[in-house]
There are 4 protein chains.
Amino acid sequence: MVEQQQQVEQPRRGRPRSETARKGILGATAKLLLSQGLASVSMDEVAEHAGVSKATIYRWWPTKESLALEALLDEWDTSPSSPRDTGSLRGDLLALIRPWTRRLRARPYGRVIAALITEAQTDPEFGAVYRARFVERRREPARALFRRAIERAEIPAETDVEIALDLIFGPIYHRLLHGHAPLTDRFVEAAVDSALAGFVAARSKT
Amino acid sequence: MVEQQQQVEQPRRGRPRSETARKGILGATAKLLLSQGLASVSMDEVAEHAGVSKATIYRWWPTKESLALEALLDEWDTSPSSPRDTGSLRGDLLALIRPWTRRLRARPYGRVIAALITEAQTDPEFGAVYRARFVERRREPARALFRRAIERAEIPAETDVEIALDLIFGPIYHRLLHGHAPLTDRFVEAAVDSALAGFVAARSKT
Amino acid sequence: MVEQQQQVEQPRRGRPRSETARKGILGATAKLLLSQGLASVSMDEVAEHAGVSKATIYRWWPTKESLALEALLDEWDTSPSSPRDTGSLRGDLLALIRPWTRRLRARPYGRVIAALITEAQTDPEFGAVYRARFVERRREPARALFRRAIERAEIPAETDVEIALDLIFGPIYHRLLHGHAPLTDRFVEAAVDSALAGFVAARSKT
Amino acid sequence: MVEQQQQVEQPRRGRPRSETARKGILGATAKLLLSQGLASVSMDEVAEHAGVSKATIYRWWPTKESLALEALLDEWDTSPSSPRDTGSLRGDLLALIRPWTRRLRARPYGRVIAALITEAQTDPEFGAVYRARFVERRREPARALFRRAIERAEIPAETDVEIALDLIFGPIYHRLLHGHAPLTDRFVEAAVDSALAGFVAARSKT
DNA sequence: CGGTAATCGAGACGGTACGTCATGTCTTACA
DNA sequence: TGTAAGACATGACGTACCGTCTCGATTACCG
């Protein structure tokens, strides 16, 4: 019984927020983002495509970037997919990450993500939101897998999980963002294997 | 018998390009970039700080991003420093990469690099230049180290060097850009070790 | 049964146009025009003096010239003053034209009018507006006087009124624009007398 | 005899001025002026069409307007045409003015002249040159005709010739510049007749 | 015949204004 | 109170032209 989403259906006064408008805005934003990239999308354009007033957008999202972040999350996670237990950390990680990278390379997400990272670098507040809602969304499930692997003594308890996560996600983001080489399944496996090999090696030293 | 880039001292017609202006523009740009980030730097501002006309900037650089790229390179690499031979691939790589990452975290380069990556995602032409001049500048020396290690049979000849490079640079860029954790020397060593452990493991399997 | 210009109080949607801004723009423009001449007035300057954004100016006036035209009309004619009947065509014409020329020489209008004429020569669309709103504003009342004089048989019915108008206004504009000699009351009278003498002469020939 | 062009063939040092360049510049300017109007002609454009450097133009003409004025005079007056004596002032005036107005309406001179007048209003120095070289070029011959008519007692000696000239040229410039009605031969005759009728009328009063 | 000096081409430069565009705020009337 | 419509201030954009400048090359004369 976690989370206890208090939020007691407090009966708001005045006209309620239009759900149609909300969906229209997020949908139009996602569509425009993927076809043009964030910089080329203007708020006027979003408003027009969503059949909505610009003021309505600004009432609910403070900046274009925060709107883009939510639109991307909304477009992305219809089904957050809880990964099943494959028996090994390697298998669990691949079951988690491979579908994600496949999705990533299916459409030009890299362009939008790069723009969000840029904004995150500039606006610390947005950076916090970006990391919490976007990065951690993949990182936390992976972290859980590591914890489970430690519990069942598959990997050493001293393992620095945060570093391990960076060793896996780092190369993936690298290819996604720099585009110097394709983000293939094989590459994902190499990243996972290498990160895990590090622990094996570390352990064998011990 | 290499190309002997003669560059036939062809006596240029017309007024020669002002070297003062060029340096002023690059200097002002670098300074402003590091203090404000690319998005907040306006061309008017650069022109004013450089004591130069905006038209002069646009005559030589087509976009703010291309100017930023060159300014960053100019500010960065006075001497690209050829790394000495430490005897081992691990030592060579650390000798190459550690000073670079120290430089990276000394000033807010991550913010600017993120913006350049964003532009590289949007403008393919700029992307090619960015990768050739910025990414390869570190990647190629590292690649050379791997080749040398293969020659002296320190690592297997079948090693996929490109993947290895991504396994090293990926995590570093990841922390630089996402800023979720600091880019410490220890982290750099972990990345290098992990990438190399991959080969050792691969070899031991054989 | 005239047109009954109903103008159905149609409740405009959206934020209404700012009357403050409109007046500020026209006022600032008129002031700057008369002190500097049209060429030296920049849109930025008008915007600043009017406490208004440049975009707001361009929303309502397509060019600097069209703005200048309206500003001049606005500054000029608060009350177009219907001339009284003096009993003779000559008297009526002088009553109409003399105050106008006095106004003309009171401030450097000639400079601005010359610029408007130049633009009218270049942009036919503007030319049509210029003639309709600026030239005809004086010409039509004068034309009416001629019609009345014909009705009461003061001048021949065959009189080519358009030519007559040019014979009066031509010399006045000539001195206004070329500035080779002053635009005195005496000169205005000479122009009117000469134009009328032509008809008398023509009639006496008959 | 006349004009005594002093300018004593003083043997200049250095490379002499290129006559080819001078003609090229004036020719290109005149051609561009008539096809585009002064405002749309840029000095770079003139330089390119004339196969000449911009610096060369500025060496000999201080402003675009002064260049335009000279180009127009150059293009215009191949033969200044001394008008013959027709026996009457009216005939003499028409012989002088009619060919001029025919030329005026043959090509879009009005547009250029309007621009020159505008500049003359702004820059007094240019205004003086404009009047001396352009306006007086037609006005002085006409003035001479009036003087001759006075000498032979065709018109009263008290005639205010300057006003008379304005009564003739004013209407012509009016139609040329405003373009509200065509500058026909008939109109020119009406202007001349009206101006002369004024004297007759004035005389008959006496 | 070599030196001096003005001119020429090419084209880079500082400066100024242009007209457009996007952001985020606001003011209406309507729901 | 939420919304569509749309005007608004702000400020940067990238372009265009002006008039000046700095080169090297050319073309006269003068000694």
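To find a chain, count down the sequence lines: A is the first, B the second, and so on, and within it residues start at 1. Just so it is clear, the model here is predicted, and its values are computed rather than measured.
- Atom pair A:His49:NE2 and F:dA4:P shows a separation of 16 Å (rounding to whole Å applied).
- Smallest separation of non-hydrogen atoms from B:Ala120 and B:Gly127: CB-CA, 3.6 Å.
- Formation of a donor-acceptor pair under 3.5 Å by the A:Ser40 side chain with backbone atoms of A:Gly37 is not found in this model.
- The backbone N or O of D:Val52 sits nowhere less than 3.5 Å from a side-chain atom of D:Thr56 that would complete a donor-acceptor pair.
- Rounding to whole angstrom units, CG of residue B:Leu67 and P of F:dG14 are separated by 11 Å.
- Note on B:Lys64: a side-chain N or O is less than 4.0 Å away from OP1 or OP2 of F:dC13.
- Atom pair A:Tyr58:OH and F:dG2:C1' shows a separation of 18 Å (rounding to whole Å applied).
- Summary of helix geometry: the two end axes of the helix from E:dC1-F:dG31 to E:dA31-F:dT1, each defined by five base pairs via their C1' atoms, are inclined to each other by 10° (rounded to 10°).
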Show your working on salt bridge (Lys or Arg N to Asp or Glu O under 4.0 Å) between D:Glu75 and D:Arg107 and close with a plain yes or no. CA-CA 12 Å; D:Glu75 197 268 351; D:Arg107 307 193 62 187; 3.5 Å; yes

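- Here side chain to side chain donor-acceptor pair (under 3.5 Å) pairs that include residues 114-130 of chain C, with residues two or more places apart or in two chains, are C:Thr118-D:Thr118, C:Tyr130-D:His178.
- Minimum interatomic distance between B:Ala68 and B:Leu116 (heavy atoms only, all atoms of both residues): CB-CD2, 4.1 Å.
- Residues C:Thr63 and C:Ser66 come closest through the heavy atom pair O-OG, 2.8 Å.
- In this structure, the CE atom of D:Met43 is 19 Å from the P atom of E:dA12, given to the nearest Å.
- Spacing between atom CD1 of D:Ile57 and atom C1' of E:dG9 amounts to 12 Å, rounded to whole angstrom units.
- If you measure from atom CG of B:Asp44 to atom P of F:dT15, you get 13 Å, rounded to the nearest angstrom.
- Among the heavy atoms of the strands, none lies under 4.0 Å from A:Val46.
- The two residues D:Gly110 and D:Leu177 make their nearest non-hydrogen contact at O-CD2, 3.9 Å.
- Shown here is D:Glu45, whose CD atom has more than 12 heavy atoms of other residues, nucleotides or ligands within 6.0 Å.
- Residues from residues 31-40 of chain D placing a heavy atom under 4.0 Å of any atom in DNA chain F do not occur.
- Put simply, the side chain of B:Lys54 and the base of E:dG14 share no donor and acceptor less than 3.5 Å apart.
- Looking only at distances, a side-chain donor or acceptor of D:Lys64 sits under 3.5 Å from a matching main-chain atom of D:Val41.
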Sugar-phosphate means primed atoms, P, OP1 and OP2; the rest is base. With that split, encode nucleotides 1-8 of chain E 5' to 3' as B, S or - using protein heavy atoms under 4.0 Å. ---SBBBB

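- Put simply, the side chain of C:Lys31 never gets that close to the backbone of C:Leu26: no donor and acceptor are under 3.5 Å apart.
- Not counting sequence neighbours, the partners of B:Glu70 by the salt bridge (charged side-chain N to carboxylate O under 4.0 Å, His left out) test are B:Arg22.
- Remark: nothing in residues 113-126 of chain A comes within less than 4.0 Å of DNA chain E through any heavy atom.
- For C:Lys23 and F:dC8, the NZ to C1' distance is 18 Å, given to the nearest whole Å.
- Straight-line distance from the CD atom of D:Glu65 to the P atom of F:dC18: 9 Å, rounded to whole Å.
- Distance alone, capped at 3.5 Å, places no donor-acceptor pair between the D:Arg111 side chain and the D:Leu38 backbone.
- Of the two residues near DNA chain E, B:Ala55 and C:Glu45, the one whose nearest nucleotide lies more 5' is B:Ala55.
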